[in-house]
Amino acid sequence: MIRQRICIGSKRLYSSVANQQYAATTYARPPIVFTKGQGSRLWDSTGKEYIDFSAGIAVNGLGHCDAGVAEILADQSKKLVHASNLFFNEWTLQLSKNLVETTKAQGGMKDASKVFMCNSGTEANEAALKFARKIGRLQSDDKIELVSFAGCFHGRTMGALSVTANPKYQAPFAPLVPGVKVGQINDIASIESLVTDKTCGVIVEPIQGEGGINVSSAEFLVALKKRCQEVGAVLIYDEIQCGLGRTGKLWAHQWLPQEAHPDIVTMAKALGNGFPIGATMISDKVNDALKVGDHGTTYGGNPLGCRVGDYVLSKLSSPELLAGVEERHNVFVDRLNRIKEKNPSIVTEIRGKGLLLGLQLTTDPSPIVKKSLDNGLVVITCGTNTLRFIPALNIPLKDIEEGFDKLESSF
């Protein structure tokens with residue numbers, strides 16, 4: 001039994017994996033209790049140290065326990081944590097302004113105008129889907145269809161789940177929200193029949209994360225946006241995993257020509273560096289369809305989360321950090337190619353961009369993941385037989401090399 005001891009003053013609190021009996025059956029976890037993190041390293045309750053190539057599933061873009069985040073959490077918690085959305089607070093307005101202005105200044109979403117603040121990625125996508133439905137219904141009562149793509153992941157609430165085209169996630173909770181069609185990314189020929197006059201919104205990840213690090217081509221996304229404009233549908237880019245510096249630009253869609261820019265961008269994960277926050281950034285066209293009361297949130301936009309998000313945005317959008325992503329990408333790809341050369345019967349492909357990378361295997365990667373944990377490396381999977389690499393964007397080069405030494409020995 002793994003035991004964790006936490007000292008609070010003169011009192012000692014104990015917890016262990018034995019207490020898993022009280023956790024709902026939603027995850028299969030190894031018997032490890034993490035108790036400390038710093039940068040790209042984690043420590044468990046036995047004191048064992050790990051290199052972290054997962055960053056909390058692309059959340060800790062600045063690494064664990066960033067000093068600036070910790071300072072803001074302590075300071076703002078003494079000033080104002082929550083005041084409700086019945087009133088303005090300074091940090092919701094500040095973060096919204098900086099998201100729009102920084103995005104446009106760096107060449108992202110050219111029509112970015114307004115922001116809806118929420119608490120998570122699935123909430124950000126729920127908002128986007130509702131906004132698309134509202135716009136569709138204003139045009140026609142039957143303009144309600146939504147389009148997503150095989151291999152996608154948009155969340156687990158009922159709306160987001162309905163456009164997450166994965167039977168494993170969907171089947172136990174059917175019937176889902178009706179009116180969803182599913183296409184294939186990069187299949188340009190199918191777009192015309194897929195997106196029709198009945199389509200109100202199309203949601204797509206520029207790079208699929210959970211689906212296996214699958215990159216949507218620029219040609220496909222340009223054609224998709226053109227078709228959306230032809231039929232009056234809203235184009236939503238889910239950049240919850242691939243955005244906020246992960247590809248070496250603030251947004252993954254910045255690698256695309258402007259004619260592929262979306263009407264809505266959803267974000268979460270890295271925006272709070274571990275503090276729960278999400279956002280839906282929209283154009284004036286989308287905002288013009290909304291009326292007071294169309295959507296809302298209790299905790300979304302709270303001053304604590306938004307002050308953290310404003311700080312994190314300033315760091316993740318800095319030229320120094322974004323240039324560093326490219327440098328680290330090159331080191332990762334070099335080491336991944338070395339693994340591929342040494343294991344030609346197991347490794348077939350390296351996919352992705354920046355520090356959103358996938359190593360495609362011919363076999364189940366679970367034994368490698370387990371052996372890596374034994375060796376002191378946290379690495380996770382996605383898609384079908386794909387190892388996923390989504391470390392902190394500022395991971396030290398020495399941690400990359402040490403992590404790959406552990407990974408190579410795990411093969």
Side-chain angles (χ1 to χ4, degrees), residues 55-106 108-109 112-128 130-131 155 157 237-241 243-246 250-251 264-284 286-287 290 292-318 321 392-393:
I57 317 182
V59 167
N60 300 109
L62 300 177
H64 296 283
C65 297
D66 176 79
V69 171
E71 182 179 349
I72 287 169
L73 286 170
D75 183 64
Q76 187 63 33
S77 67
K78 299 172 187 176
K79 295 178 178 178
L80 184 65
V81 174
H82 175 79
S84 93
N85 279 302
L86 299 178
F87 305 93
F88 288 117
N89 74 77
E90 61 178 321
W91 289 106
T92 300
L93 298 174
Q94 184 71 27
L95 175 56
S96 298
K97 172 180 180 288
N98 285 341
L99 277 169
V100 170
E101 292 187 352
T102 304
T103 293
K104 296 173 85 168
Q106 296 203 1
M109 184 178 167
S113 175
K114 304 284 194 299
V115 179
F116 171 77
M117 305 303 310
C118 54
N119 306 286
S120 67
T122 194
E123 286 184 42
N125 282 337
E126 288 284 348
K130 284 184 68 176
F131 297 167
T157 51
Y237 282 169
D238 177 340
E239 294 222 23
I240 291 163
Q241 187 163 159
L244 291 164
R246 180 64 44 189
L250 180 59
W251 302 111
I264 299 177
V265 171
T266 59
M267 67 197 80
K269 286 190 179 289
L271 186 58
N273 207 63
F275 191 91
I277 184 172
T280 307
M281 187 159 56
I282 63 179
S283 66
D284 277 330
V286 175
N287 187 67
L290 303 179
V292 171
D294 276 347
H295 198 45
T297 170
T298 294
Y299 298 108
N302 68 80
L304 181 61
C306 287
R307 184 174 171 189
V308 170
D310 192 61
Y311 164 82
V312 172
L313 175 66
S314 71
K315 296 296 182 182
L316 295 181
S317 61
S318 70
L321 182 133
L393 303 185

message: If you define the side chain from C-beta out and look only at heavy atoms, does anything of L321 sit under 4.5 Å from L62?
response: yes
- prompt: Could you give the distance from CZ (F131) to CG (N287), rounded to the nearest 0.5 Å?
  reply: 8.5 Å
message: For the CG atom on L80, are there more than 12 heavy atoms of other groups (residues, nucleotides or ligands in this structure) within a distance under 6.0 Å?
response: yes
message: Run H295 and F116 through side-chain contact (heavy atoms from CB on, under 4.5 Å) and show every step you take.
response: CA-CA 9 Å; H295 198 45; F116 171 77; 3.3 Å; yes
- prompt: salt bridge (charged side-chain N to carboxylate O under 4.0 Å, His left out): which pairs involve residues 305-316, sequence neighbours left out?
  reply: D75-R307
L271 CG to E239 CD distance, which is reported to the nearest 0.5 Å: 12.5 Å
message: Quick check against the 3.5 Å criterion: does T92 have a side-chain atom that pairs as donor or acceptor with the backbone of G301?
response: yes
Rounded distance (nearest 0.5 Å) linking atom CD of Q106 with atom OG of S317: 5.0 Å
field: Interatomic spacing from OG1 in T298 to CG in N119 - rounded to 0.5 Å
entry: 8.5 Å
- request: Please answer whether the main-chain N or O of G278 pairs with a side-chain N or O of E123 as donor and acceptor at a distance below 3.5 Å.
  value: no
field: Smallest separation among heavy atoms of T266 and A128, with atom names
entry: CG2-CB, 3.8 Å
- prompt: Tell me the salt bridge (charged side-chain N to carboxylate O under 4.0 Å, His left out) pairs involving residues 89-98, sequence neighbours left out?
  reply: K97-E101
L313 side chain reached by L95 side chain, heavy atoms, under 4.5 Å: yes
message: If the test is side-chain contact (heavy atoms from CB on, under 4.5 Å), which one of T280, L99, I277 qualifies with M267?
response: L99
query: Is there side-chain contact between L250 and L244, with heavy atoms separated by less than 4.5 Å?
result: yes
statement: In short, P303 meets Q76 closest at the heavy-atom pair CB-NE2, 3.9 Å
message: So which atom in A268 and which in S120 form the shortest heavy-atom distance, rounded to 0.1 Å?
response: CB-C, 3.7 Å
message: Determine whether a donor-acceptor pair (N or O, by modelled atom type, separation under 3.5 Å) exists between the side chain of N85 and the backbone of G296.
response: no
For the student: nearest non-hydrogen atoms of M109 and V265, plus distance: SD-CG2, 3.7 Å
field: Close side-chain approach of K114 and D284, heavy atoms under 4.5 Å
entry: yes
task: Check A124 against A279 and note the closest heavy-atom contact, atom names and distance.
output: CB-O, 3.5 Å
message: So Y311 and E71, do their side chains get closer than 4.5 Å, heavy atoms only?
response: no
- prompt: What's the verdict on side-chain contact (heavy atoms from CB on, under 4.5 Å) for R246 and L393, showing C-alpha distance, side-chain angles and the deciding distance?
  reply: CA-CA 7 Å; R246 180 64 44 189; L393 303 185; 3.4 Å; yes
query: Looking at Q241 and A58, what are the two nearest heavy atoms and their distance?
result: CG-CB, 3.9 Å
message: Can you confirm whether F275 sits close enough to L304 that some side-chain heavy atom of one is under 4.5 Å from a side-chain heavy atom of the other?
response: yes
message: Could you go through N125 and I240, starting from their C-alpha distance and side-chain angles, then the distance that decides it, and tell me whether this counts as side-chain contact (heavy atoms from CB on, under 4.5 Å)?
response: CA-CA 9 Å; N125 282 337; I240 291 163; 3.4 Å; yes
query: With side chains defined as the heavy atoms from C-beta onward, is the minimum distance between M281 and V100 less than 4.5 Å?
result: yes
